[in-house]
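Working notes for the structure below.
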Protein chains: 2
Amino acid sequence: MKKISSYKPWVETLKAFGVRLTLPRKTVLQVLADNREGLTPEEVCRLGRASHPGLGLVTVYRALELFEKLGMIRRVHSGGHCQSYSASFGDTHFVVCTRCGRVTEFPCCGLLPLFAHVRARTGYEVTGHILEITGLCPDCVKSGEN
Amino acid sequence: MKKISSYKPWVETLKAFGVRLTLPRKTVLQVLADNREGLTPEEVCRLGRASHPGLGLVTVYRALELFEKLGMIRRVHSGGHCQSYSASFGDTHFVVCTRCGRVTEFPCCGLLPLFAHVRARTGYEVTGHILEITGLCPDCVKSGEN
DNA sequence: TTTGTAACTGGAAATCTTTTTCATCTTTTA
DNA sequence: TAAAAGATGAAAAAGATTTCCAGTTACAAA
C-alpha cells in the first residue's frame with residue numbers, strides 16, 4: 001500500500017465552507033490521505049497519534065462526521081462493520097478488497113436505467129443509493145487464492 | 001403497513017440446515033415476517049415480547065446472526081445506522097423509504113455490465129456487492145412532500 | 001411414548017463503541 | 001495584538017454487543 005498525496009486538495013474545500021484548519025483536523029486528513037483502506041475512528045486516532053500524540057478520539061469522531069458531511073470522505077460498509085471511512089473524490093463508488101481491505105474508487109455510472117426499472121417495478125421515487133462492490137484487488141489476485 | 005405471511009416458508013430452510021425450531025426463533029421470524037421496515041435487535045426484541053414475553057435480547061442477537069448467515073434476512077444500511085435487518089427472499093436488493101422506513105425488495109438485475117466495467121477500470125476481480133436504493137415509497141409520495 | 005443429550009436460552013456482567021458535558025485552548029478577524 | 005467564536009480533549013454517561021454460565025428444551029433414538 002503506497003502513501004498517496006497530501007491532504008492539500010481538501011484545504012480549498014474546507015476554506016470554502018469556512019471550516020477552521022486545525023492541527024487535529026490536518027492530522028486526520030493526513031491519515032486518510034495516506035491510507036487506502038477503510039479506517040474506523042479508533043484506527044484513525046491511533047494512526048494519527050504517531051504525528052500528533054495529543055489527538056483525542058472524540059475529536060476524530062467529530063472530524064470524520066464533518067468531513068463526511070462535506071463529501072470529502074465516505075463510509076465503507078463492506079467487510080462486516082459499517083463504521084469505516086475512506087477518502088472520496090467526486091461522484092464515485094468504492095470497490096473494496098475482501099482480502100487486504102484496500103479501497104479503490106470508480107466513477108459512478110450507468111445506474112439510471114436501474115433506477116427507472118426500480119421505479120417502474122416498485123413505485124418508489126428513487127432519491128439515492130448505496131453501491132459498494134467487493135472483490136480482490138490486483139495485488140491480492142496475483143499473490144494467491146482468496 | 002400490512003402484515004404479510006407467516007414465517008412458514010422459512011421452516012424448510014431451517015430444517016435443511018439442521019437448525020432447531022425453538023419458540024424464541026419462531027417469535028423472531030414472525031416479527032420479521034410481520035414488518036416491512038428494517039428492525040434493530042432491540043426493536044425485534046420489544047415487538048417479539050408481545051407474543052413471547054420471556055424473549056431475551058441476547059437470543060435475538062443470536063437468532064438474527066443465524067438467519068443472516070442462512071440468507072433469510074439481510075442487513076439494511078440505509079437510514080444512518082446499519083444494524084437493522086429485513087426479511088429477504090431470494091436474489092434481490094432493497095429499496096428503502098427515507099420517510100417511513102418501509103423496505104421493498106426488487107430482483108437483482110443488470111449489474112453484470114457494471115462489474116465488467118469495474119474490472120476493466122480497476123483490475124479488481126469482482127466477487128460481491130452491496131446495493132441499496134433509497135427513495136419514497138408510493139404511500140409517502142402520495143401523502144406529501146419530503 | 002419416554003429419555004438422553006446436544007443445542008439453545010436468558011439474565012447478569014463484562015466489553016466495546018459512541019455521545020455528551022464542560023473547562024480550556026486555538027484560529028481567525030477586526 | 002486582542003476578542004470572540006469555534007474547536008479540543010478528558011472524563012463520564014449512554015448505548016450496543018458479547019461473554020459467561022446455570023438451567024431448559026427440541027429432537028432423535030430406544
Side-chain angles (χ1 to χ4, degrees), chain A residues 7-8 10-32 38-70 72-73 75-77 79-85, chain B residues 7-8 10-32 38-70 72-73 75-77 79-85:
Chain A
Y7 56 82
K8 291 280 157 51
W10 278 324
V11 172
E12 289 309 305
T13 308
L14 293 178
K15 284 198 173 147
F17 281 96
V19 169
R20 285 191 189 168
L21 198 53
T22 63
L23 177 54
R25 285 176 180 166
K26 284 182 196 167
T27 306
V28 169
L29 287 177
Q30 189 60 59
V31 167
L32 290 164
L39 297 176
T40 62
E42 179 65 41
E43 290 166 335
V44 170
C45 189
R46 188 166 40 71
L47 292 169
R49 278 176 174 165
S51 65
H52 173 20
L55 185 62
L57 182 56
V58 178
T59 302
V60 171
Y61 269 94
R62 284 188 285 229
L64 292 174
E65 185 186 7
L66 173 68
F67 299 155
E68 186 186 24
K69 200 164 358 184
L70 299 184
M72 300 158 61
I73 64 177
R75 207 174 268 264
V76 178
H77 297 269
H81 55 357
C82 299
Q83 61 276 349
S84 296
Y85 293 87
Chain B
Y7 56 82
K8 292 279 156 48
W10 278 324
V11 172
E12 289 308 306
T13 309
L14 293 178
K15 284 198 173 145
F17 282 94
V19 170
R20 282 193 191 170
L21 199 54
T22 64
L23 178 54
R25 284 176 181 167
K26 284 181 197 166
T27 306
V28 170
L29 287 177
Q30 190 60 59
V31 168
L32 291 164
L39 297 176
T40 62
E42 179 65 39
E43 290 167 336
V44 170
C45 189
R46 188 167 40 72
L47 292 169
R49 279 177 174 164
S51 67
H52 173 21
L55 185 62
L57 182 56
V58 177
T59 303
V60 172
Y61 270 93
R62 284 186 286 228
L64 292 173
E65 186 187 7
L66 173 68
F67 299 154
E68 186 186 24
K69 200 163 2 186
L70 299 183
M72 299 159 61
I73 64 177
R75 207 174 269 264
V76 178
H77 298 270
H81 57 357
C82 299
Q83 62 275 352
S84 296
Y85 293 87

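Here is how names work: the chains are called A, B, and so on, in the same order as the sequence lines, proteins then strands, and each is numbered from 1.
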Task: Interface limits on DNA chain C, where chain A has a heavy atom under 4.0 Å of a nucleotide atom - done: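 Using the under 4.0 Å cut-off, the span is C:dT17 to C:dT28.
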Task: Relative orientation of the end axes in the helix from C:dT1-D:dA30 to C:dA30-D:dT1, expressed as an angle to the nearest 10° (five pairs per end) - done: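 The end axes of the helix from C:dT1-D:dA30 to C:dA30-D:dT1 are about 40° apart, to the nearest 10°.
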Task: Start and end of chain A contact along DNA chain D [non-hydrogen atoms, under 4.0 Å] - done: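 So the contact region on DNA chain D extends D:dA5 to D:dA11.
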From [X] [atom1] over to [Y] [atom2], what is the distance, rounded to the nearest 0.5 angstrom?
{"X": "B:H81", "Y": "A:C82", "atom1": "NE2", "atom2": "SG", "value": "11.5 Å"}
{"X": "B:K15", "Y": "B:T13", "atom1": "NZ", "atom2": "OG1", "value": "11.5 Å"}
{"X": "B:W10", "Y": "B:L32", "atom1": "CH2", "atom2": "CG", "value": "5.5 Å"}

- [ ] Under the side-chain hydrogen bond (donor to acceptor under 3.5 Å, both in side chains) rule, collect the residues that match up with B:R75, sequence neighbours excluded.
- [x]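 With sequence neighbours excluded, B:R75 shows a side-chain hydrogen bond (donor to acceptor under 3.5 Å, both in side chains) to B:Y85, given in chain and number order.
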Please find the pair of heavy atoms, one from [X] and one from [Y], that lie closest to each other, and give the distance.
{"X": "A:R20", "Y": "A:R25", "result": "O-NH1, 2.9 Å"}
{"X": "A:G38", "Y": "A:S84", "result": "C-CB, 3.7 Å"}
{"X": "A:I73", "Y": "A:L64", "result": "CD1-O, 3.5 Å"}

- [ ] Quick one: which residue pairs count as a side-chain hydrogen bond (donor to acceptor under 3.5 Å, both in side chains) with a foot in residues 43-58 of chain B, not counting sequence neighbours?
- [x]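 Residue pairs with at least one partner in residues 43-58 of chain B: B:T40-B:E43.
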- [ ] Look at atom CD of B:E65 and say whether more than 12 heavy atoms of other residues, nucleotides or ligands are closer to it than 6.0 Å.
- [x]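 Check fails, neighbour count at 12 or below.
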- [ ] Give one of base, sugar-phosphate or nothing for B:Q83, where a contact means two heavy atoms less than 4.0 Å apart.
- [x]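 Sugar-phosphate contact only - B:Q83 comes under 4.0 Å of backbone atoms but never of a base.
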Task: Results of side-chain contact (heavy atoms from CB on, under 4.5 Å) for B:L21 - residues two or more places apart only - done: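 With neighbours one apart ignored, the set is B:V11, B:L14, B:K26.
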List the atom pairs, with distances to 0.1 Å, where a side-chain N or O of residues 53-63 of chain B and a protein N or O form a donor-acceptor pair under 3.5 Å, not counting sequence neighbours.
none

TODO: Please list residues of residues 48-57 of chain A whose heavy atoms come under 4.0 Å from any atom in DNA chain D, ordered by number; otherwise none.
DONE: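 A:H52, A:G54, A:L55, A:G56, in order of number.
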Open item on the list: Just to be sure I understand the geometry, which residues of residues 13-27 of chain A put a non-hydrogen atom under 4.0 Å away from DNA chain D?
Closed with: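 The answer is A:R20, A:T22, A:P24, A:R25.
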Open item on the list: Assuming nearest nucleotide by heavy-atom distance, tell me which of A:T40 and B:T59 is located more 5' along DNA chain C.
Closed with: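 By nearest-heavy-atom nucleotide position, the 5'-most residue is B:T59.
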